[in-house]
Colleague: 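Please find one structure pasted underneath; my questions will follow.
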Amino acid sequence: VSRDGRIYLHDDTNRAPGLKKALEAGQYKSLTIAFPFNDPRLFVQQRFVLYSATKLLAYGDERAIHVIEETKGKDPLHIRYVAGTDDYDKVVRRCNVAVSVYFVLAEWGGDGPQVVFPDGFGFYRLRFTSRNSSRSLKQALDYVTKFTYGRIAGLPLELSLDYPERSDSTGIRRKVPVWRFLMRPPERFA
């Protein structure tokens, strides 16, 4: 969790030097991104996950969940529970929701917005477990698509962290990190 507004890059093998350079240009506080498709179902994935301190214990989605059970001397078992069963509901209650958002880098050029691929033709991934960030993404997409007639592919958005106050499960208000997606052209936008 970033407490200082800094965007952290996890790239131990240095596969994304272009992404690192773009983060450096924004002082690790903002990044200009674009989504590769108009349909969010193609670039936003949500999964249930349960981790111990060292390993994945369960994973799944709205259709089924898989629990990984160790077996002595053999490969672990992946036990599948189908949605709508008591076992599925019990496991899901222990899980977190992990969100992966796939994106590309974008720039505002002299001729308008551009999508750029400094690390090769592929996507980067933003990971989070925050329902507040999920809502922020949905609200940003809903807002932008009202003006673009449903088109979002290739539109530059500024990605940054904000710290609004939210109530936790006990009702106590706290400042929490929330991903913010904002369309912000470098010049006046008309």
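Note that this is a predicted model, so its numbers are computed, not measured.
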Colleague: So, the side chain of Y163 versus the backbone of G5: is there a donor-acceptor pair under 3.5 Å, distance only?
Modeller: yes

Colleague: Is there a donor-acceptor contact under 3.5 Å from the side chain of D11 to the main chain of A16?
Modeller: yes

Colleague: The criterion is ring-ring contact (aromatic ring centres under 6.0 Å, His included); which residues satisfy it with F43, sequence neighbours excluded?
Modeller: F35

Colleague: Quick one, R131 and R166 - any side-chain contact, counting heavy atoms below 4.5 Å?
Modeller: no

Colleague: For Q27, does the CD atom sit with more than 12 other heavy atoms under 6.0 Å from it, leaving out its own atoms?
Modeller: no

Colleague: For K90, enumerate each residue passing the side chain to side chain donor-acceptor pair (under 3.5 Å) test, keeping only those at least two apart in sequence or located in another chain.
Modeller: none

Colleague: Only one of T71, I68, V67 clears side-chain contact (heavy atoms from CB on, under 4.5 Å) with L77; which?
Modeller: T71

Colleague: Kindly write out the residues that satisfy ring-ring contact (aromatic ring centres under 6.0 Å, His included) with Y28, not counting sequence neighbours, or none if the list is empty.
Modeller: none

Colleague: For R94, look at atom CZ and say whether over 12 heavy atoms of other residues, nucleotides or ligands are found less than 6.0 Å away.
Modeller: no

Colleague: Do R6's NZ or CZ and the ring of Y8 fall within the cation-pi criteria of under 6.0 Å and 45°?
Modeller: yes

Colleague: Do R3 and P177 touch side chain to side chain, with heavy atoms closer than 4.5 Å?
Modeller: yes

Colleague: For N132 and S134, which I'm curious about, is there any donor-acceptor pair between the side chains at under 3.5 Å?
Modeller: no

Colleague: Would you say that more than 12 heavy atoms from the other residues, nucleotides or ligands in this model lie under 6.0 Å from the CZ of F117, or not?
Modeller: yes

Colleague: Assess whether atom CZ of R173 is packed by more than 12 heavy atoms of other residues, nucleotides or ligands within 6.0 Å.
Modeller: yes

Colleague: So do L157 and I152 actually touch side chain to side chain, heavy atoms under 4.5 Å?
Modeller: no

Colleague: Would you say N96's side chain and V49's backbone share a donor-acceptor pair under 3.5 angstrom?
Modeller: no

Colleague: Please name the residue in the list Q46, R125, R47, Q45 that meets the side chain to side chain donor-acceptor pair (under 3.5 Å) test with S100.
Modeller: R125

Colleague: So, do F123 and V104 sit near enough that their side-chain heavy atoms are less than 4.5 Å apart?
Modeller: yes

